[in-house]
Amino acid sequence: MKLKIATIVGLAVAFSGVAVAQTDVIAQRKAILKQVGEATKPIAAMMKGEAPFDQAVVQKSLGLIADDAKKLPALFPADSKTGGDTAALPKIWEDKAKFEDLFAKLAAAATAAQGTIKDQASLKANMGSVFGACKSCHDDFRAKKS
Amino acid sequence: MKEASVVAWDGPTRVFKWALVFVVVDGWISNKYGGGFPAWHKLNGYTALVLIVFRILWGFVGGSTARFGSFVAMPGKVMAYLADKKKFLGHNPLGGWMVVALLALVLAMATTGLFSGDEDRLIIDGPLAKTVSDATVESAALWHRRIFTAIELFVLVHIAANVIYALTSREPLIRAMITGRKPAEDYADMPAAEPGPWGRALACLAVAAFIVLAPIYIVGGRLL
């Protein structure tokens, strides 16, 4: 009887451990993606002319985006398809190569933009590839809220 | 060997028609591949709105076959057309409703776009998105997507109908929309179209651009 309870407890711990690990990775990637969004905000404001161009902010944001884009592919393991209020679509795991390629593109675009952006004009001219990478991934792999 | 032909569509109506095809296709392309260039998609939307308003004006003062009075038919007329299949120089009573539907859909598409924004409100938002609540922006974006699906369906039916007419009833509908002329025949609506003058069309276009862009700029404070 004691053994049974121990087994059940053991199993329960093991399962909840797995569950925790899954929600963990989901929470992690959500936090990182949130960070990418926050990093994009000031740049988007500069693009629209709502904020003055600020080279330091642009450089820091793009660096962050490039780093995050490299971390993200590992945060979508096969056991994290659901739960944790994820907006990840099953398509991610059906087309993993394309999904990961988009992160590679995002990282490359952010790094390239970091090198070329110097003022408002070059900001406008060079953010397209970064934003484009964001959007093409969201279009195909993120569930719509409504 | 040239067959006798008559004017069916005036120049402005034809230019409008193919320009509308262009903006619908370009709207799709600029969304799919221009994610990083929001100005592209927005300019496309303004062009669509100006074109539709132009076409509405042209529907009252344009060439005879372009006028709504000549092709927007009562249901009874549509039923009669389905029964007797008479040939029309302009839009037939059934096709006329397809024209109305396509114009209305593109108008709704572009109008919802004015209030739409991407989910994160970062990269693209319509010029009027800031004037409404977040919930309104979300529902506008939802309808912007739904209406596009409807446009896809209607365009498919529209193209299929024209191809079938061209093949089976020997009515060169697609060619007529390019050349503006149709074979002289005993048409049910009118024997030949009276074209609308280019000058009037340009005036309509200018008025349409003003009607569309001025309020957006005044209310939204910006266009791009």
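Lettering follows sequence order; numbering is per chain, from 1.
Ion pair A:Glu38/A:Lys41 flagged as a salt bridge, since at least one NZ, NE, NH1 or NH2 atom sits closer than 4.0 Å to an Asp/Glu carboxylate oxygen.
Between the side chains of B:Trp198 and B:Asp10, not a single donor N or O lies within less than 3.5 Å of an accepting N or O. Side-chain polar atoms of B:Thr136 and B:Ser133 form a donor-acceptor pair below 3.5 angstrom. Side-chain atoms of A:Arg29 and A:Thr86 form a donor-acceptor pair, as typed in the model, at a separation below 3.5 Å. One side chain, A:Lys135 or B:Asn31, offers a donor N or O that lies under 3.5 Å from an acceptor on the other.
Below 30°, between 30° and 60°, or above 60°: for B:His41 and B:His144 the angle between ring planes is above 60°, a perpendicular geometry.
At least one donor-acceptor pair under 3.5 Å links the side chain of B:Arg14 to the backbone N or O of B:Thr179. Here the side chain of B:Asp120 pairs no donor or acceptor atom with the backbone of B:Leu122 at under 3.5 angstrom.
Two residues are said to be in side-chain contact when any heavy atoms from C-beta on lie closer than 4.5 Å; B:Leu102 and B:Met98 meet this criterion.
For residues 118-132 of chain A, a heavy-atom distance under 4.5 Å to chain B picks out A:Gly128, A:Phe131, A:Gly132, given by residue number. Along residues 44-55 of chain A, the residues that come nearer than 4.5 angstrom to chain B, judged on non-hydrogen atoms, are A:Ala44, A:Lys48, A:Glu50 in order of number.
The aromatic ring centres of B:His91 and B:Trp9 sit less than 6.0 Å apart.
With chain A as the partner, the residue from B:Lys32, B:Arg222, B:Lys130 showing the most heavy-atom pairs under 4.5 Å is B:Lys130.
For a residue to count as touching a neighbouring chain, one of its non-hydrogen atoms must lie under 4.5 Å from one of that chain's; by this rule A:Ser136 does not touch chain B.
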